[in-house]
Structures are given as C-alpha cells and as structure tokens.
*Asks:* 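Shown below is the structure under consideration.
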Amino acid sequence: MDFTTVTTALASKSYDKVADVCENLMLQVAADGISYQDDWPYAIHLLSHIYVHDINSARFLWKSIPSSIKESQPEVTAAWKIGQRLWLRDYAGVHEAIRGFDWSQELQGLVTAFSELYTKKMFQLLLSAYSTISIQDAALFLGMNEDDATSYVLQQGWTVDPASQMLTVKKQPIVIEQKLDPSKLQRLTEYVFHLEH
C-alpha cells in the first residue's frame with residue numbers, strides 16, 4: 001500500500017493535515033475494496049488526531065483497530081495512552097505518556113511537535129485560570145521539573161516568591177484590534193460635515 005501522502009505530510013511537518021490525509025486515504029482504500037488493516041499506520045493516524053485535539057475521532061479510530069494490532073504494535077498502544085490522558089484531563093499524565101515511550105524515528109517529529117503545542121496550551125490555561133500558582137502545580141501542568149517550569153514562566157514575565165514557592169502570573173494585556181471600515185469613516189465624515197454647515 002502506498003502511504004506517500006502520509007510520509008510527505010510528516011516530512012514537511014504539516015502535522016495539522018496528517019489526520020485529514022489519513023482519513024482520505026482510508027476512505028479511498030475502503031472504496032477500492034483493499035484490505036489495509038495489517039499495514040495501516042495506526043500510530044500516526046491516532047497521533048495526528050490527537051495533534052489537532054480531535055479526541056473523539058481518535059477514540060473511534062482506537063475502537064476500530066483490531067486487537068491483534070493493539071497487541072503486536074506497542075507504539076499504537078503508546079499513542080492511545082496520550083489520548084486516554086487527554087480524555088481524562090490528566091494534564092501531567094499526558095506528559096508522562098509522551099515521555100514514557102521510545103518513539104520511532106518516523107513519529108518523533110510529530111510527538112515532539114505535539115508536546116510543544118500541548119505545553120503552550122497548558123501555559124495559556126494557567127495564564128487564564130490563575131493569578132498565583134505553586135511551582136509544583138505549574139511544573140505538573142507544563143510537564144517539566146520545577147526548575148525548568150520556573151525558568152519557563154519567568155521568561156514569560158511571571159514572578160516567583162522563593163519563600164512560599166508560589167508563582168505570580170503576569171496577565172497579558174488584552175489587545176483589541178479595531179478595524180477601520182472605509183464606508184463608516186466616509187459616513188462619519190459626511191455627518192460631521194453636515195453638522196458643521
């Protein structure tokens with residue numbers, strides 16, 4: 001079976017497109033009546049859904065994978081462990097599941113990209129949900145040891161109280177982008193002109 005489109009998407013680091021590529025290829029293969037189950041790239045397919053935060057699709061895919069594949073391909077099971085942790089909102093467990101497996105060369109880029117994306121998402125969650133948080137809790141959310149987590153958030157402008165081991169969150173200023181509509185500006189100009197004359 002030809003998985004060139006999948007490997008091309010991975011090679012070009014178009015990770016947000018891999019799930020769609022896999023889905024389209026699966027539909028095409030099914031329409032052609034070709035048996036694909038034994039050599040299908042299930043780990044890539046699962047992780048690509050996880051990458052785009054489509055946990056429902058990942059769950060459905062997991063349920064459709066034959067037991068023989070789940071038992072014979074540990075990387076598929078390892079990929080699903082990440083999905084399970086996301087489903088359960090076990091934020092620290094997601095990082096543990098990522099680090100808990102020696103990923104193949106083919107998947108390392110996708111897993112690393114997801115890990116970085118997930119860390120940024122968790123940072124945004126902390127930013128929006130907390131005004132202060134313990135170093136220990138921040139480290140769990142960010143999937144880092146306490147020193148690395150402290151360094152990471154200090155680079156984002158947060159402050160640390162060494163005595164209490166608490167971090168103070170620096171809220172980002174809310175920037176409201178105002179778009180100038182030329183037709184509204186024209187009407188306003190005409191209205192002001194009318195008032196002055």
*Asks:* Could you go through residues 16-27 and list every donor-acceptor pair under 3.5 Å that involves a side-chain atom there, pairing it with any protein atom two or more places apart or in another chain?
*Replies:*
{"from": "Glu23", "atom 1": "OE2", "to": "His45", "atom 2": "NE2", "distance (Å)": "2.6"}
{"from": "Glu23", "atom 1": "OE2", "to": "His49", "atom 2": "NE2", "distance (Å)": "2.8"}
{"from": "Asn24", "atom 1": "ND2", "to": "Asp20", "atom 2": "O", "distance (Å)": "3.2"}

*Asks:* In Å and rounded to the nearest 0.5 Å, what is the CG to OH distance from Leu86 to Tyr118?
*Replies:*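 If I round to the nearest 0.5 Å, the distance is 5.5 Å.
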*Asks:* Donor-acceptor pairs under 3.5 Å, side chain of residues 108-115 to any protein atom, not counting sequence neighbours: which ones?
*Replies:*
{"from": "Gln108", "atom 1": "NE2", "to": "Trp103", "atom 2": "O", "distance (Å)": "3.3"}
{"from": "Thr112", "atom 1": "OG1", "to": "Gln108", "atom 2": "O", "distance (Å)": "2.8"}

*Asks:* Please test Ile65 against Trp80 for side-chain contact (heavy atoms from CB on, under 4.5 Å), starting from the C-alpha separation and ending with a verdict.
*Replies:* CA-CA 11 Å; Ile65 297 174; Trp80 179 237; over 6 Å; no
*Asks:* I would like to know whether Phe3 and Trp40 meet ring-ring contact (aromatic ring centres under 6.0 Å, His included); could you show each step before the answer?
*Replies:* CA-CA 9 Å; Phe3 296 112; Trp40 188 257; 5.5 Å; yes
*Asks:* If only atom types and distance count, is the side chain of Ser12 paired as donor or acceptor with the main-chain N or O of Ala9 below 3.5 Å?
*Replies:*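 Yes, Ser12 side chain to Ala9 backbone: donor-acceptor pair under 3.5 Å.
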*Asks:* If I compare all heavy atoms of Ile55 with all of Gly83, which pair ends up nearest, and what's the gap?
*Replies:*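 So the minimum-distance heavy-atom pair works out to CG2-O, 4.2 Å.
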*Asks:* Heavy-atom count around Asp102 CG within 6.0 Å, excluding the residue itself: above 12?
*Replies:*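 At most 12 heavy atoms, drawn from other residues, nucleotides or ligands, come within 6.0 Å of this atom.
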*Asks:* Starting from the C-alpha separation in whole Å, work towards a yes-or-no answer on side-chain contact (heavy atoms from CB on, under 4.5 Å) for Leu126 and Ile133.
*Replies:* CA-CA 8 Å; Leu126 296 178; Ile133 186 172; 3.6 Å; yes
*Asks:* Check the hydrophobic clustering (I, L, V, M, F, W, Y; side-chain heavy atoms under 4.5 Å; chains of links allowed) and say if Leu88 and Phe60 are grouped together.
*Replies:*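 No.
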*Asks:* Closest approach of Leu47 and Ala79, non-hydrogen atoms and distance?
*Replies:*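 That closest heavy-atom pairing would be CG-CB, 3.7 Å.
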*Asks:* ring-ring contact (aromatic ring centres under 6.0 Å, His included) between Phe123 and Trp158: does it pass, once the steps are laid out?
*Replies:* CA-CA 12 Å; Phe123 177 77; Trp158 293 21; 5.2 Å; yes
*Asks:* Heavy-atom distance under 4.5 Å between the side chains of Tyr15 and Lys13, does that happen here?
*Replies:*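 Contact flag for Tyr15/Lys13 side chains = yes.
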*Asks:* Are Tyr91 and Trp87 grouped together when hydrophobic residues (ILVMFWY) are joined by side-chain heavy atoms under 4.5 angstrom apart?
*Replies:*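 Result: yes, single cluster for both.
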*Asks:* Do Tyr152 and Leu125 sit in one hydrophobic cluster, given that two such residues count as connected whenever their side-chain heavy atoms are within less than 4.5 Å of each other, even indirectly?
*Replies:*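 The answer is yes; both residues are in one hydrophobic cluster.
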*Asks:* List for me each residue that meets side chain to side chain donor-acceptor pair (under 3.5 Å) alongside Ser131, sequence neighbours excluded, and say none if there are none.
*Replies:*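 Side chain to side chain donor-acceptor pair (under 3.5 Å) list for Ser131, sorted by chain: empty.
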*Asks:* As an exercise, state the distance from NE2 of His95 to CD1 of Ile82, rounded to the nearest 0.5 Å.
*Replies:*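 Here the rounded value is 11.0 Å.
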*Asks:* Provide the full list of salt bridge (charged side-chain N to carboxylate O under 4.0 Å, His left out) pairs with a residue in residues 76-91, sequence neighbours left out, each pair given once.
*Replies:*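 Sorted result for residues 76-91: Arg85-Asp90.
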*Asks:* Measure the spacing between CG of Leu167 and CG of Leu154 and express it to the nearest 0.5 Å.
*Replies:*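 Separation between the atoms: 7.0 Å.
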*Asks:* Is atom NZ of Lys70 surrounded by more than 12 heavy atoms (other residues, nucleotides or ligands) closer than 6.0 Å?
*Replies:*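 Enclosed.
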*Asks:* Please report the interatomic distance CH2(Trp62) to OH(Tyr42), rounded to the nearest 0.5 Å.
*Replies:*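 Nearest 0.5 Å value for the CH2-OH distance: 11.5 Å.
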*Asks:* Which pairs would a plain distance check flag for residues 134-145, meaning a side-chain donor or acceptor within less than 3.5 Å of a matching protein atom at least two apart in sequence or in another chain?
*Replies:*
{"from": "Ser134", "atom 1": "OG", "to": "Asp137", "atom 2": "N", "distance (Å)": "3.0"}
{"from": "Ser134", "atom 1": "OG", "to": "Asp137", "atom 2": "OD2", "distance (Å)": "3.3"}
{"from": "Asn145", "atom 1": "OD1", "to": "Asp147", "atom 2": "N", "distance (Å)": "3.1"}
{"from": "Asn145", "atom 1": "OD1", "to": "Asp148", "atom 2": "N", "distance (Å)": "2.7"}
{"from": "Asn145", "atom 1": "ND2", "to": "Asp148", "atom 2": "OD2", "distance (Å)": "3.3"}

*Asks:* Of all residues at least two apart in sequence or in a different chain, which pass the side-chain contact (heavy atoms from CB on, under 4.5 Å) check with Ser104?
*Replies:*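 So Ser104 forms a side-chain contact (heavy atoms from CB on, under 4.5 Å) with Glu75, Glu106, Leu107.
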*Asks:* Measure the shortest side-chain to side-chain distance between Asp54 and Asn56 over non-hydrogen atoms and say whether it is less than 4.5 angstrom.
*Replies:*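 Of all side-chain heavy-atom pairs linking Asn56 with Asp54, at least one is under 4.5 Å.
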